[in-house]
Student: 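If you scroll down you'll find the structure; I have some questions about it.
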Amino acid sequence: MKNYITTPIYYVNGEAHIGHAYTTFIADTLARYSRMVGMETYFLTGTDEHGQKIEESAQKQNKPTQQFADEISATFHNLWDEFNISYDQFIRTTDESHKKGVQAAFLKMFENGDIYKDFYEGNYCVSCETFFPESQLMDGGCCPDCGRPTTIVKEESYFFRLSKYERPLLEYYEAHPEFILPKSRRNEVISFVRGGLNDLSVTRTSFSWGVHLPESLNEPRHVMYVWLDALMNYVTALGYGSDESKMNFWPANVQLVGKDILRFHAIYWPAFLMSLGLPLPKHIAAHGWWTRDGEKMSKSKGNVVDPREVSNAYGVENFRYFMMREVPFGQDGDFSQRALIDRMNSDLSNDLGNLLNRIIGMSEKYSDFNVDSSHVAQYHVKELSDVAEILKTAETYLFELQPHRYLEELWRVFTIGNKAIEEHAPWTKVKEGRLDEALATVALVANLLAKASIMLHPVMPQTTAKIADALGFEISTESYTALIKNGDLLKAFTIKKIPPLFPRVEEPLMAEAPKAMIEEAPKAEAKAKMEDKKVSTVSEDGLITIDQFFQTSIKIGTVLDAEEVPKSSKLLKLKVDLGEESPRQIVAGIREYYSAESLINTQVCVVANLKPAKLMGLLSEGMILAAKDSEGLCLVRPEKPRLSGSSVG
RNA sequence: GGCUGGGUAGCUCAGCUGGUUAGAGCGCUGGUCUCAUAAGCCGGAGGUCGGGGGUUCGAGUCCCCCCCCCGCCA
């Protein structure tokens with residue numbers, strides 16, 4: 001079975017940002033999965049290099065246009081290599097074979113009457129490379145998309161009979177509900193097409209940086225419209241119009257796009273294909289945008305996330321995992337270091353990494369790293385069948401293009417592993433001399449990790465290869481077939497002791513977004529969130545200013561009353577006089593060291609401006625200062641009695 | 001203004017064709033084991049399911065009205 005997966009080709013007007021990385025990560029994951037299950041897979045990405053905008057950008061930098069395109073294209077190419085993206089081809093619209101293919105397509109459309117010559121007059125936005133009808137223009141004739149001034153252009157142009165495909169397209173959408181994903185986007189496209197389609201101007205005479213028309217048409221002044229040129233890349237990459245040896249990969253299975261370019265891919269592209277007599281792709285899947293800390297990213301705000309920077313700081317695969325796990329496909333996602341760190345610590349370090357460490361430790365102690373699965377089925381039928389079920393479900397989520405659900409589902413395997421260890425407590429079994437049982441549990445968990453690693457491999461290829469190595473097997477189509485499809489277990493194997501794969505991340509590893517951005521974001525909510533999350537305001541040398549210290553209000557308080565909190569062995573509920581109108585209720589975890597009675601009428605130090613918190617359902621309006629070491633805990637108190645409410649500092 | 005989609009626990013979301021005490025993850029919190037990365041496991045708090053009306057034996061789930069958010073179009 002053939003499986004062709006594409007990303008959009010990225011416009012070389014600027015360097016790769018987080019959105020490019022996201023699309024490419026998803027496509028790479030799908031491609032890797034496809035290869036792993038043994039499908040014949042072709043994964044295409046590349047760059048879109050034509051158009052007036054590129055021509056102008058190159059001029060601004062005083063570079064030949066081709067050189068400019070080469071340079072930017074290389075930055076994408078290099079980044080994907082750095083990110084270990086497993087593309088089969090990196091196409092460039094300046095490739096000769098691509099140009100040849102586009103010309104062949106143009107000619108075919110022309111010959112079958114779908115392209116005709118006429119005049120176009122309208123308000124043209126150079127920046128967006130789009131004509132806009134009068135009615136859509138903003139005040140002063142500015143572009144409704146970018147707000148820049150438009151110019152009136154009348155030019156000879158070839159047109160594509162898009163209008164002819166209005167009905168066929170609607171019929172196709174109707175007959176193929178899975179064509180446009182997610183569904184909400186599908187509705188948008190349908191209603192747009194229902195609104196009527198105008199024929200599409202597909203050539204320009206106003207600039208020359210593009211694919212020229214086929215020579216047989218003898219139209220040297222005309223250059224192809226950038227979208228016709230660009231969209232065709234998906235088939236010219238397979239050799240359309242030149243060496244067609246790979247055309248058997250067509251139609252594509254999944255064509256990933258950002259939501260901003262959906263219309264081109266869901267309307268123009270299928271119409272072109274219909275005109276060429278080619279089948280339509282199975283899915284056009286539109287994903288959402290990324291914001292940063294709840295704010296739209298923009299160069300002027302200086303809050304753009306550089307994927308390379310994130311990757312360098314946190315690791316590509318952790319980054320990949322985060323992006324795919326964090327946000328439901330199609331929705332906008334928010335990037336913040338806090339969210340990334342939380343995912344890494346909670347999912348990767350705690351659930352997965354720690355589980356691996358647990359069995360490394362046990363296998364070392366109990367059997368000198370030697371494990372075999374022969375007793376697993378005897379003691380762990382339930383776990384094995386539950387996991388088999390989970391893996392099946394997870395797989396369907398991936399096919400449905402719901403990577404977040406797929407990962408969420410997969411993580412249940414680790415919970416089962418952690419629970420199994422807890423329930424079967426191998427350390428107890430060992431003490432009781434039931435070594436077989438203990439080792440069966442270790443082997444079970446090793447197998448669960450092996451199976452989950454295989455499934456996780458498309459998302460984190462290198463990391464899972466390390467896990468597999470530690471467990472003495474290799475991830476491949478063969479092991480996928482054996483462990484996932486056939487439900488086999490690993491044979492006897494030796495575990496390798498490896499250092500933790502996912503060390504916990506205690507604090508942000510990248511500099512925070514520039515101050516300007518934070519100040520521009522007066523959202524009280526966002527601010528409170530940052531404070532809640534203890535984003536450090538401490539300077540690099542670890543010192544704070546006196547002003548910062550005095551943000552904390554510490555006061556002398558007199559304990560008026562104290563009682564034990566029911567059902568808690570640690571908590572005491574205190575009534576403390578801080579010289580205010582009424583005493584405060586403070587819940588303190590000191591019961592193990594102080595009895596309630598002994599505290600009444602003594603003095604303590606209280607942090608008085610702490611945000612109230614609830615402990616065991618009881619409101620606590622402050623914190624009692626205490627010092628703790630191995631000997632125990634003691635309260636910090638004034639040497640001599642002071643007035644209640646006296647400040648400390 | 002028109003049309004989608006949506007408003008469910010502090011946060012992010014799941015809840016199919018209406019049916020027992022509305023769920024998950026994270027966060028918070030109490031307890032507990034010791035193989036392990038201050039990890040794991042067990043338990044708890046927390047929701048008038050945007051608001052109002054209606055249909056029904058029964059509605060987060062259907063109908064009507066209103067409010068708010070995103071998106072597309074104008």
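Every chain is numbered from 1, with letters handed out A, B, ... down the list of sequences.
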Student: For rC26(B), give the paired nucleotide (Watson-Crick: N1-N3 plus N6-O4 or O6-N4; G-U: N1-O2 and O6-N3; both under 3.5 Å), or none.
Tutor: rG10(B)
Student: Among residues two or more places apart or on two chains, list those pairs meeting salt bridge (Lys or Arg N to Asp or Glu O under 4.0 Å) that have a residue in residues 393-404 of chain A.
Tutor: E395(A)-K485(A)
Student: Could you check, using the six-membered ring where one of them is a Trp, whether F329(A) and Y397(A) have ring centers closer than 6.0 angstrom?
Tutor: no
Student: By nearest nucleotide on RNA chain B, pick out whichever of N418(A) and N187(A) is the more 5' one.
Tutor: N187(A)
Student: Using a heavy-atom cut-off of 4.0 Å across all strands, would you classify P426(A) as base, sugar-phosphate, or nothing?
Tutor: nothing
Student: To the nearest Å, how far apart are I416(A) CD1 and rC42(B) C1'?
Tutor: 17 Å
Student: Between the side-chain atoms of N354(A) and the base atoms of rA36(B), is any donor-acceptor pair under 3.5 Å?
Tutor: yes
Student: Calculate, to the nearest 0.5 Å, the distance between atoms CZ and OG1 belonging to R412(A) and T393(A) respectively.
Tutor: 7.5 Å
Student: Whole angstrom is fine here: how far is it from CD1 in I421(A) over to P in rC35(B)?
Tutor: 12 Å
Student: Between the base of rG40(B) and the side chain of E422(A), is there a donor-acceptor distance below 3.5 Å?
Tutor: yes
Student: Measure across A266(A) and F179(A) and return the closest heavy-atom pair with its distance rounded to 0.1 Å.
Tutor: O-CE2, 4.2 Å
Student: Between rG71(B) atom C1' and L181(A) atom CG, what is the distance in whole Å?
Tutor: 17 Å
Student: How close or far is atom C1' of rU12(B) from atom CZ of R343(A), stated in whole angstroms?
Tutor: 8 Å
Student: To the nearest Å, give me how far apart CG (L348(A)) and C1' (rA36(B)) are.
Tutor: 16 Å
Student: Do F272(A) and W269(A) make the cut of ring centroids closer than 6.0 angstrom?
Tutor: no
Student: Check the distance between rC69(B)'s C1' and D332(A)'s CG and give it to me in whole angstrom.
Tutor: 13 Å
Student: For F502(A), which contact category applies under a 4.0 Å heavy-atom criterion: base, sugar-phosphate, or nothing?
Tutor: base
Student: Does a side-chain N or O from K429(A) land closer than 4.0 Å to OP1 or OP2 of rC35(B), or not?
Tutor: no
Student: In whole Å, what is the span from the CD atom of E188(A) to the P atom of rU4(B)?
Tutor: 12 Å
Student: Is K365(A) near enough to rA36(B) that one of its side-chain N or O atoms lies under 4.0 angstrom from OP1 or OP2?
Tutor: yes
Student: How do R405(A) and I359(A) order along RNA chain B: which one's closest nucleotide is nearer the 5' end?
Tutor: R405(A)
Student: Roughly, in whole Å, what's the span from NZ in K183(A) to P in rG6(B)?
Tutor: 11 Å
Student: Whether R504(A) contacts rA38(B) is assessed here as follows: a side-chain N or O lying under 4.0 Å from the phosphate OP1 or OP2. Is that the case?
Tutor: no
Student: Closest to the D351(A) side chain: rU4(B), rC42(B), rG40(B)?
Tutor: rG40(B)
Student: Could you report the tightest heavy-atom contact between L410(A) and A452(A), atom names first, then the distance?
Tutor: CD2-O, 4.3 Å
Student: Respond yes when some side-chain nitrogen or oxygen of Q331(A) is under 4.0 Å from OP1 or OP2 of rC13(B), and no when none is.
Tutor: yes
Student: Are OP1 or OP2 of rA39(B) and a side-chain N or O of N345(A) less than 4.0 angstrom apart?
Tutor: no
